[in-house]
Amino acid sequence: MDLHFESAATILALVTVGKWLEEKSKKKTGNEIEKLLKLAPDEVTIEEDGVQKTVSVKDVKIGDILVVKQGEYIPVDGKVIFGSSFVDKCAITGESLPVEVTVGDEVTSAALVKSGLIKIRAERVGEQTTLSKIITMVREAGASKAPIQKFADKVAGVFVPVVTAISLFTFVLWLLIDGTFNADHCVTYAINVLVVSCPCALGLATPVAIMTATGKGASLGILYKDAESLQKVCGINAVLLDKTATLTEGKPKVTDVEVFGGDKDKLLKIACGIECNSNHPLAKCVTDYVGDGVEVTDFKYTVGQGASAVHENTTYLLGNIKLVASKNISDEVKTKAAVLSEQGKTVLYLADNKRVVMLIAVADTLKDGSGQAVGMLKERGMRIAMLTGDEQKTAKAVSESVGIDEFLAEVMPEDKLNAVTNVQQVGGCVAMVGDGINDSPALKQADVGIAMGSGTDVAIDSADVVLVSEDLRTLDTLFDLSKATVRNIKENLFWAFFYNVVMIPVAAGAFSAVGFYFNPMIAALCMSLSSLFVVGNALRLLRYKNKKFINGDKYMKTIVQIDGMCCEHCAKRVENALSAVDGVVSADVKLKKKIAVLRSREALDSAVISQVVTDAGYTVVSVEVK
């Protein structure tokens, strides 16, 4: 009888190497979390009584003034109290372009300051920061179990005793076939069955894919609170969208100005001068739009109508139709006001002593991409409806502008809840998208509640998924990533079952009659490779990209290789020069790589780019359009 001492040693070696490779591969599933952790600086600069000092980020308290310079990450959530800058929020929201912040703006942790210097007052520190909450959500989601895993767990629970029984059966069968005890056949084939079987593949099929997908989602601005939510997204066939701060900005703005006599700029400054004395919400829209107003006297406010004031011995009225009813309102004014009202806009009338001289329309404007987001959902065959507490006319105007056919206006929180329930009763699998406290009952009732990242804490707590980015088009990525993950899990489970169904009979010697069999060493190798295959397949999710955004990217990228830059001052000078070029949406100069990355909606003229860099005192080596 041949003794397989080398087989025993090799089996242990192969299994150990396989487990090491498996663990090394699994660590990659947490890459996105590790990237997030690196965004939190260990030390920060705080300012006390005009003196700056460096302290540990753990020592920062609410109310501290932090100084954040160019190239540094914002360590806590807070409000800008000094300076202005462009900040890159890509790591948190997935937004590709930096946004400008100035005094009074809110900033979140993990945003990169791209230019200048800002001072912020800390409002949320430690585990309360946006970055800490995201990391916690991703970890919890990665550790949770999806419903599809329950089946795999049940199978894995009976797998070991079944394989043990098959191994014993194999031993007895070969004993009967040989007629005498033959260790080469009986024991070897029985051991082969035990070694080649791979419960690890079944056990890894779902959790590794979930961990990878939740980490990838976080990098794209999508936070799945648990694995069940990630899987449920695949079954969604109806989406209910809140209007305010979801489809729209949630902040009314001046959208139209119509003048019917007089100088437009002067009339606007008079309107601003009147509204500077008012605390009405619409007053702020006018003052934000105009900026500085003229001095007015005798300001008076009439509840439910508007305000009046005197400027250069002329009394001006600014308010709704009731306030100016006694003045001359021409047919032209009436017609234009009716058109603006039909569009769901609030119309303010400005009148002098005799007649209405100007109309100012105010409305909650649509977010960029809202219409495109609705179109993407329609392409997926989703039933879409809009829910809003606004009046019928405004709801109709907004729904038509984004291409939504169904809407409910003047709804209360319980009405939104009932809308979700009604769709579910007819067999719909509903996703509710909202941001406010009034949306929280519907978010909780929906099969998948989706909260906007800027929403209230109550809404975020009630939701199953959080869209950190304010871009509603992220919804398409949310559905696409979920489908890709579930597909990946099914592939893993299929492979795990297929491998065991095929390899266990082979290991038992079912094909030995035709000379096809192997020893325990090969069985151990096959088992290790099976687990690696499952982990490797799950890691493909790290390369996930939404093809719609790849094919339809709204920005062109131009890479400019530049020679002569030696310091950050040089880089800033080039960046400012390129940012001023017509057509350039953003310019990002990378000093170490000696390149400038330009984003534009249309192709840029290489000669113009080269001339601008040359005029700044540097040399262009190459210009490449991607």
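If you're wondering where the values come from, they're calculated on a predicted model, not measured in any experiment. Below, each value reflects all heavy atoms present in this structure, side chains not excepted, and no hydrogens, waters or symmetry copies.
For the pair Pro75/Val68, a side-chain contact is recorded, criterion being any heavy-atom separation below 4.5 Å from C-beta on. Inter-residue side-chain proximity for Val581 and Gln611 is flagged as unmet; no heavy-atom pair is nearer than 4.5 Å. Counting heavy atoms from C-beta on, the side chains of Phe479 and Met376 never come closer than 4.5 Å. By the 4.5 Å heavy-atom criterion applied to side chains, Val411 and Lys416 are counted as neighbours. The closest side-chain heavy-atom distance from Ile62 to Gln128 is not below 4.5 Å. Looking only at side-chain heavy atoms (C-beta outward), Ser482 and Tyr224 come within less than 4.5 Å of each other. Residues Phe407 and Thr388 are not in side-chain contact: their nearest non-hydrogen atoms beyond the backbone lie 4.5 Å or more apart. Put simply, the side chain of Met452 reaches to within 4.5 Å of the side chain of Val433, judged on heavy atoms.
Residues forming a side-chain hydrogen bond (donor to acceptor under 3.5 Å, both in side chains) with Arg124 (at least two apart in sequence, or on another chain): Asp77.
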**OP:** May I have the step-by-step check of side chain to side chain contact (heavy atoms under 4.5 Å, CB included) for Met432 and Val423, ending in yes or no?
**Re:** CA-CA 11 Å; Met432 173 68 195; Val423 177; over 6 Å; no
**OP:** May I have the step-by-step check of side chain to side chain contact (heavy atoms under 4.5 Å, CB included) for Tyr544 and Leu481, ending in yes or no?
**Re:** CA-CA 8 Å; Tyr544 164 82; Leu481 178 59; 3.8 Å; yes
**OP:** Kindly indicate, with the supporting measurements, whether the criterion side-chain hydrogen bond (donor to acceptor under 3.5 Å, both in side chains) is fulfilled by Ser229 and Asp226.
**Re:** CA-CA 6 Å; Ser229 301; Asp226 52 47; 2.7 Å; yes
Subject >> Criterion side-chain hydrogen bond (donor to acceptor under 3.5 Å, both in side chains) on Asn277 and Tyr301, from CA distance to verdict >> reply: CA-CA 9 Å; Asn277 297 280; Tyr301 178 72; over 6 Å; no
**OP:** Could you walk me through whether Ile360 and Leu350 pass side chain to side chain contact (heavy atoms under 4.5 Å, CB included), step by step?
**Re:** CA-CA 8 Å; Ile360 301 175; Leu350 178 67; 5.6 Å; no
Subject >> Candidate pair Leu117 and Phe82, rule side chain to side chain contact (heavy atoms under 4.5 Å, CB included), full reasoning >> reply: CA-CA 8 Å; Leu117 175 149; Phe82 173 82; 4.0 Å; yes
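The two residues Asp447 and Gly428 make their nearest non-hydrogen contact at OD2-O, 3.9 Å. When all heavy atoms are compared, the tightest approach of Ser600 to Val584 is CB-CA, 4.4 Å. Shortest non-hydrogen contact noted between Val296 and Ile270 is CG1-O, 4.5 Å. When all heavy atoms are compared, the tightest approach of Ala463 to Gly449 is CB-O, 3.4 Å. Residues Ala351 and Val324 share a closest heavy-atom pair of CB-CG1, 3.8 Å. Smallest separation of non-hydrogen atoms from Leu282 and Val362: CD2-CG1, 3.8 Å.
To the nearest 0.5 angstrom, Gln392 atom CD is 9.0 Å from Leu408 atom CG. Here the straight-line distance linking atom CZ of Phe299 with atom SG of Cys276 works out to 10.0 Å at 0.5 Å rounding. Distance check, rounded to the nearest 0.5 Å: CG of Leu230 to NZ of Lys483 gives 12.0 Å. Once rounded to the nearest 0.5 Å, the distance linking CG of Leu348 with CD1 of Ile274 reads 10.5 Å. With rounding to the nearest 0.5 Å, the separation of OH in Tyr349 from CD1 in Ile321 is 4.0 Å. The CD atom of Glu275 lies 11.5 Å from the CG atom of Leu268; values are rounded to the nearest 0.5 Å.
A side chain to side chain contact (heavy atoms under 4.5 Å, CB included) with Lys232 holds for exactly one of Val448, Val465, Asp464; it is Val448. Of the candidates Arg380, Arg473, Lys545, Arg380 is the only one forming a salt bridge (charged side-chain N to carboxylate O under 4.0 Å, His left out) with Asp480.
Remark: the Thr477 side chain and the Asn546 side chain contain an N/O donor-acceptor pair separated by less than 3.5 Å.
Judged by distance alone, the side chain of Ser370 and the main-chain N or O of Leu247 form a donor-acceptor pair under 3.5 Å. Counting only distance, with no hydrogens or angles, the side chain of Gln445 and the backbone of Leu417 share no donor-acceptor pair below 3.5 Å. With Asp352 contributing its side chain and Arg355 its backbone, the two residues share a donor-acceptor pair below 3.5 Å. Panel note: side chain Lys367, backbone Asp471; no donor-acceptor pair is recorded below 3.5 Å. Formation of a donor-acceptor pair under 3.5 Å by the Asp615 side chain with backbone atoms of Val612 is not found in this model.
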Can you give each donor-acceptor pair under 3.5 Å made by side-chain atoms of residues 256-263, sequence neighbours left out, with the distance rounded to 0.1 Å?
{"unit_1": "Asp256", "atom_1": "OD1", "unit_2": "Lys345", "atom_2": "NZ", "d": "2.6"}
{"unit_1": "Asp263", "atom_1": "OD2", "unit_2": "Asp265", "atom_2": "N", "d": "3.3"}
{"unit_1": "Asp263", "atom_1": "OD2", "unit_2": "Lys266", "atom_2": "N", "d": "2.9"}

Side-chain atoms of residues 393-401: list all donor-acceptor pairs with protein atoms under 3.5 Å, sequence neighbours left out, distances to 0.1 Å.
{"unit_1": "Ser399", "atom_1": "OG", "unit_2": "Ala395", "atom_2": "O", "d": "3.1"}
{"unit_1": "Ser399", "atom_1": "OG", "unit_2": "Lys396", "atom_2": "O", "d": "2.9"}
{"unit_1": "Ser401", "atom_1": "OG", "unit_2": "Ala397", "atom_2": "O", "d": "3.4"}
{"unit_1": "Ser401", "atom_1": "OG", "unit_2": "Val398", "atom_2": "O", "d": "2.6"}

